[in-house]
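Note that ligands are numbered from 1 as they come in the structure, with each ligand's atoms numbered from 1 the same way.
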Amino acid sequence: MHQDLLKEAEKFINISYHELKKSDQEIKARLLEIKDEINRFGYYKHTFEELEYGAKLAWRNSNRCIGRLFWEKLNVFDMRHLSTEESIAHALLEHIKYATNQGRIRSTITVFHQKTPDQSIKIWNHQLIRYAGYQTENGIIGDPDSLAFTRECEKLGWKGKGSQFDVLPLVVQINDNKPYMIDIPNDLILEVPIHHPEYDWFKDLRIKWYSVPIISSMKLEIGGIVYTASPFNGWYMGTEIGARNLADENRYNILPKISSCMGLDQSKNSSLWKDRALVELNIAVLHSYKENKVSIVDHHTASHQFKQFEENERKMERPLTGNWTWLIPPLAPATSHIFYKQYNNEINKPNYFYQKPPYS
Ligand code: HEM
Ligand SMILES: N/C(=N/c1cccc(CO[C@@H]2CCNC2)c1)c1cccs1
């Protein structure tokens with residue numbers, strides 16, 4: 001069992017220390033240290049430098065991510081010393097504050113204690129900031145994606161207002177303790193009301209979205225060590241909000257409303273009413289985030305940035321991996337160079353992975 005861990009550790013140290021331009025001497029010495037630690041404890045501890053670079057490599061290896069040009073610019077907060085739910089929840093609030101930065105979003109990851117036989121930390125949220133979803137007799141209120149987690153929060157005593165945009169509480173669990181739940185203070189939640197640059201009626205739809213996507217349900221694996229609580233954020237690409245979160249039928253499903261306000265003919269598909277509504281919604285999202293000085297990237301700029309990433313990787317003689325089905329944007333995919341290429345979807349490590357949900 002320890003053999004696999006040692007192999008993973010050696011691969012990671014060799015790659016990272018080489019890229020960090022360390023001497024062979026240093027690599028050998030570090031590997032001896034790790035080998036000894038694994039033999040004594042069954043696991044080993046990363047230095048901060050290894051943790052920081054490992055988190056960046058994991059981003060660079062994320063095949064589904066179009067935002068990887070900026071992989072070296074990641075703020076890493078080392079919170080491996082925290083061992084209580086309260087202190088962990090507080091660190092999550094600090095992450096939200098730091099990453100939001102009044103709208104000039106900073107790509108950030110907070111890493112909590114690694115998984116060991118006697119300690120596992122689980123964040124129950126999918127994203128630190130997300131809207132609740134409620135099943136009612138006349139349909140779903142809020143985000144349908146949040147139905148299950150909202151019910152778990154209600155079981156823990158949480159009571160939402162029942163609006164379309166109730167921000168869910170943070171839920172943190174150590175081992176099998178009772179999960180710890182706290183509300184996020186309102187002043188930490190920066191939201192953007194969605195307005196359209198030409199259609200004044202857009203604001204009457206009263207839709208908004210939150211500024212910072214902070215994925216808190218994935219695990220980070222570096223050199224055989226697993227960090228089951230490692231929330232990370234970047235900024236949004238507009239289509240995530242405008243072409244999926246607000247547009248999907250099984251999400252906020254607002255295209256029919258937009259199309260009626262535009263006076264489009266919904267009686268036949270060939271009027272492309274859905275496509276026209278989609279484009280105007282995405283224009284509104286980008287316009288609103290920019291007007292509120294909240295970081296966002298449109299899918300054309302994001303594609304160009306990804307092209308630059310491809311070129312950088314080629315220059316560095318690193319084989320590029322990617323997942324085409326996720327990299328092409330959901331709006332006008334064939335306007336992106338990505339559409340016309342094939343990508344090797346091999347999974348390299350370090351990387352971010354799904355893990356089974358702590359509740360079900
Ligand atoms: C800085 C701006 C960033 C942008 C614009 C961006 C954009 C995206 C987009 C659009 C997706 C697809 C999401 C979906 O279709 O649901 C994605 C996936 C992903 N991104 Fe990035 N990203 C950024 C930063 C980051 C950072 C900082 C990390 C981690 C350190 C990261 C890790 C990932 C991972 C792991 C996925 C796949 C998620 C999954 O499999 O569900 N990204 N990114
Ligand atoms: N812009 C982003 N978008 C996402 C990145 C990763 C995952 C997600 C959400 O993925 C869900 C699962 C499949 N689609 C929705 C969104 C980022 C979040 C955190 C760092 S960048």
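Below 4.0 Å from some heavy atom of Tyr352 lie the following atoms of ligand 1, by number and element: 29 (C), 30 (C), 35 (C). Residue Tyr354 approaches ligand 1 through these ligand atoms, each under 4.0 Å from one of its heavy atoms: 39 (C), 40 (O), 41 (O). Every atom of ligand 2 is numbered from 1 in the order shown, and the set under 4.0 Å from a heavy atom of Gly234 is 19 (C), 20 (C), 21 (S). Taking a cut-off of under 4.0 Å to the non-hydrogen atoms of Trp235, the atoms of ligand 1 that pass are 1 (C), 2 (C), 3 (C), 4 (C), 5 (C). Near Glu240, meaning under 4.0 Å from any of its heavy atoms, are these atoms of ligand 1: 10 (C), 13 (C). Near Trp235, the atoms of ligand 2 lying under 4.0 angstrom from a non-hydrogen atom of the residue are 1 (N).
Around atom 21 (Fe) of ligand 1, protein N, O or S atoms at less than 2.8 Å number 1.
Contact between Val76 and Ala55 at its shortest, heavy atoms only, is CG2-CB, 4.3 Å. Shortest non-hydrogen contact noted between Glu191 and Ser211 is N-OG, 4.1 Å. Minimum interatomic distance between Leu5 and Gly42 (heavy atoms only, all atoms of both residues): CD2-O, 3.3 Å. Closest of all the heavy-atom pairs between Leu188 and Ile96 is O-CG2, 3.4 Å.
Centroid-to-centroid, the aromatic rings of Trp235 and Tyr289 stay 6.0 Å apart or farther. Ring-centre distance between Phe232 and Trp59: not below the 6.0 Å cut-off. Centroid-to-centroid, the aromatic rings of Phe309 and Phe306 come within less than 6.0 Å. When ring centroids are compared, Tyr359 and Trp124 come within the 6.0 Å threshold. The ring of Tyr210 has its center closer than 6.0 angstrom to the ring center of Tyr131.
Proximity of Asn233 to ligand 1, defined as any heavy-atom pair under 4.0 Å, is confined to the backbone N, CA, C and O atoms. Contacts with ligand 2 closer than 4.0 Å are made by side-chain heavy atoms of Trp326 only, the backbone lying farther away. Under 4.0 Å from ligand 1, the heavy atoms of Phe232 that appear belong solely to its side chain.
Here atom 17 (C) of ligand 2 lies nearest to Pro213 when heavy atoms of Ser216, Pro213, Ala99 are compared. Nearest residue to atom 7 (C) of ligand 2 from Ile215, Val297, Asn245 is Ile215 (criterion: closest heavy atom).
For the 3.5 Å distance criterion, the side chains of Asp36 and Tyr44 fail to qualify, holding no donor opposite an acceptor. Between the side chains of His195 and Glu291, no donor N or O sits under 3.5 Å from an acceptor N or O. Judged by distance alone, the side chains of Gln266 and Ser259 do bring a donor and an acceptor atom under 3.5 Å apart.
Not a single heavy atom of Phe70 sits under 4.0 Å from any atom of ligand 1. Residue Ser107 places a heavy atom under 4.0 Å from ligand 1.
In terms of protein heavy atoms, atom 16 (C) of ligand 2 is closest to Glu240 OE1, 3.4 Å. Among all non-hydrogen protein atoms, the one lying nearest atom 16 (O) of ligand 1 is Trp326 CZ3, 3.9 Å.
Residues passing the side chain to side chain contact (heavy atoms under 4.5 Å, CB included) test with Tyr98 are Asn75, Phe77, Arg106, Thr108, sequence neighbours excluded.
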